[in-house]
Amino acid sequence: MTRHRELHLGLVTTGVGGPGQHNRWLDPEIPGDASVNIDWYIDIVRQAEAAKFDLVFIVDSQLITADSPPHYLNRLEPLTLLSALAVATSHIGLVGTFTTSYNAPFNLARRLASLDLISKGRAGWNVVTSGDAGTAANYGLDEHFDYETRYGRAAEFIEVARGLWRSYEDDAFPRNRETGQFLDPAKLHALNHQGQFFSVAGPLNIQRSPQGEPVLFQAGDSEFGRNLGARFGDAIFTHAATLEQGQAFYADIKGRAAALGRDPDQIVILPGFSVTVGDTDDHAIELDQYWRDHDHSFEQAVAELGRAFGWHDFRQYDLDAPFPVEALEHAKRSFYTQAKRITELATSEGLSLRETVLRSRQSWRSPFVGSAETVADQIERWFTARALDGLNIHAGHPSQFRRFTQDVVPLLQARGLFRKDYTQTTLRGHLGVTIPANTRAAELQAEAAE
Ligand SMILES: Cc1cc2nc3c(=O)[nH]c(=O)nc-3n(C[C@H](O)[C@H](O)[C@H](O)COP(=O)(O)O)c2cc1C
């Protein structure tokens with residue numbers, strides 16, 4: 001029997017303002033310390049849970065400059081934050097962004113498995129390789145890894161984490177007071193991994209959770225990134241500016257997964273969007289325009305354009321001269337896919353730096369702006385056209401998030417697109433992705449027989 005295809009909703013919390021939202025914190029409804037205020041997070045995540053959202057999604061980075069957006073300048077570390085949210089909520093999934101470039105597999109696998117148990121099976125890991133090249137200097141390295149190394153490490157890191165999460169079989173702990181047997185040692189498996197990037201003996205000192213192991217998200221858009229997502233991802237975090245772009249990405253990832261022998265329905269595609277809901281379509285368009293004019297000045301946008309290019313400073317160039325293509329060199333170990341896209345657009349259309357900045361500001365424009373009815377129609381259109389399996393919604397202005405949960409979600413529910421109540425208790429359950437089998441015992445048996 002095929003499962004009813006259901007829309008998924010995530011909440012992205014960017015407190016006092018993420019990329020493109022440098023002045024968001026001026027909204028009097030947002031506390032000035034929102035990004036480091038646990039009460040603020042608990043409140044907004046409980047709103048999402050009351051609206052039956054699948055998950056809350058915490059983005060992260062470990063490098064700032066004075067030009068970074070306010071949320072990035074001063075924010076809570078994701079795993080610590082999610083552990084606090086785990087005990088303040090009961091159903092919503094808890095997804096954090098953790099880099100494979102500046103973590104050790106044993107340590108991260110352990111902390112994620114702990115979150116998965118604390119939350120009773122609601123943990124998720126957004127696997128990234130760190131786009132901010134300067135992060136290297138915070139970890140004693142002269143420069144960030146090149147792409148091949150970044151993504152080679154990422155694949156091996158995931159394999160190690162999954163191997164560690166399978167250290168114990170489900171019935172490894174008899175905890176039998178009569179016989180005095182706590183552990184059945186035959187059900188405990190070391191990893192003994194010796195790879196190109198990591199050597200990890202294992203086993204991990206923590207059992208599996210009600211969802212087996214944390215849900216794997218992936219975000220990274222290069223060929224390397226897409227292949228990683230298609231191979232390991234239970235879900236993909238991405239951006240889509242138009243329905244056609246969304247459809248192309250969706251088909252691409254599902255095609256790559258199918259080519260690897262995976263069931264494409266087992267990968268959930270969740271692009272991130274801001275949503276503006278007004279009393280009428282015109283009212284929403286007005287609100288959206290007002291915020292886009294005020295969230296970010298042109299000067300802030302010029303400085304922020306540098307992020308994809310390893311925080312290269314574009315203020316040194318003449319704004320009305322052709323876009324300085326030599327800047328792409330600085331993106332080689334940073335957000336190269338995004339920087340290349342911007343550079344190609346500028347060169348193919350002969351844009352000046354000023355025009356390039358204006359065009360990249362336009363790319364923040366959301367396709368989901370209108371009355372509640374219009375926004376619900378748009379979401380249904382994108383979902384039906386397979387441009388997405390769900391939306392990761394940037395909470396933005398608190399009044400707007402309330403309008404979404406109170407006005408749009410009931411329409412999606414009435415149309416049978418979105419759940420009216422939780423029917424599952426784990427994040428895998430909400431997303432409809434299966435619990436991975438613990439294959440360690442079978443693998444070891446096969447190795448022994450060789
Ligand atoms: C939608 C999206 C969200 C991302 N979120 C994060 C993030 O929160 N933290 C981070 O370090 N990197 C994030 N990344 C970037 C990855 O770290 C990746 O290294 C970067 O995009 C460059 O790789 P790529 O060329 O494969 O995209 C994100 C990427 C995408 C596409």
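In what follows, residues are counted from 1 in the order of the sequence shown. Ligands are counted one by one from 1 in listed order, and the atoms in each one are counted from 1 as well.
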If we number the atoms of ligand 1 from 1 as shown, the ones under 4.0 Å from a heavy atom of Gly131 are 17 (O), 19 (O)

- prompt: Hey, does Tyr151 come in under 3.5 Å of ligand 1, counting only N/O atoms on both sides?
  reply: yes

Check your understanding: Arg150 near ligand 1, heavy-atom distance under 4.0 Å?
Key -> yes

Atom 31 (C) of ligand 1: closest protein heavy atom, distance to 0.1 Å, is Gly220 N, 3.8 Å

Short version for Asp60: what comes under 4.0 Å of ligand 1, heavy atoms counted, is backbone

Among non-hydrogen protein atoms, atom 27 (O) of ligand 1 lies closest to Asp221 N, 2.7 Å

Looking only at non-hydrogen atoms, the one of Ala331, Gly272, Ser222 nearest atom 26 (O) of ligand 1 is Ser222

**Report entry** Salt-bridge criterion met for Lys332 and Asp146 (N-O under 4.0 Å)
**Finding:** no

Checking heavy atoms under 4.0 Å, the part of Phe224 that sits near ligand 1 is neither

Tell me whether the count of non-hydrogen atoms from other residues, nucleotides or ligands lying under 6.0 Å of CH2 in Trp25 goes above 12. no

_Students often mix this up, so state it plainly: with edges at 30° and 60°, are the rings of Tyr102 and Phe145 parallel, tilted or perpendicular?_
parallel

A student checking ligand 1 against Thr337 at a 4.0 Å heavy-atom cut-off should list atoms 24 (P), 25 (O), 27 (O)

After noting the C-alpha distance and the side-chain angles of Asp389 and His8, does the key distance pass the side-chain hydrogen bond (donor to acceptor under 3.5 Å, both in side chains) rule?
CA-CA 6 Å; Asp389 291 314; His8 301 286; over 6 Å; no

### Task
Apply side-chain contact (heavy atoms from CB on, under 4.5 Å) to the pair Leu11 and Phe57, showing each step before the final yes or no.
CA-CA 6 Å; Leu11 159 69; Phe57 196 99; over 6 Å; no

Near Thr129 (heavy-atom distance under 4.0 Å), the atoms of ligand 1 are 17 (O), 18 (C), 19 (O)

When distances are taken from atom 21 (O) of ligand 1, the protein heavy atom at minimum range is Phe335 CD2, 3.6 Å

the protein heavy atom lying closest to atom 6 (C) of ligand 1 turns out to be Val128 CG1, 3.8 Å

If we number the atoms of ligand 1 from 1 as shown, the ones under 4.0 Å from a heavy atom of His239 are 1 (C)

Note: heavy atom closest to atom 30 (C) of ligand 1, options Ser130, Pro271, Ala219, Ser334, belongs to Ala219

Under a 4.0 Å threshold between the charged nitrogen and the carboxylate oxygen, would Arg365 count as salt-bridged to Asp288? no

ask   = Are Val127 and Thr100 close enough that some pair of their side-chain heavy atoms sits under 4.5 Å apart?
value = yes

Notebook entry, point to check: Should Phe368 and Ile379 be marked as a side-chain contact (heavy atoms from CB on, under 4.5 Å) after you check the CA-CA gap, both sets of side-chain angles, and the distance that decides it?
Noted result: CA-CA 7 Å; Phe368 302 100; Ile379 291 175; 3.8 Å; yes

| request: Measure centre to centre between the rings of Phe273 and Trp382, then say whether the value is under 6.0 Å. | output: yes

So the atoms of ligand 1 within less than 4.0 Å of a heavy atom of Val59 turn out to be 8 (O)

If we number the atoms of ligand 1 from 1 as shown, the ones under 4.0 Å from a heavy atom of Thr238 are 1 (C)

- Message: Ring-plane angle category for Phe309 and Phe323, please: parallel below 30°, perpendicular beyond 60°, tilted otherwise.
- Response: tilted

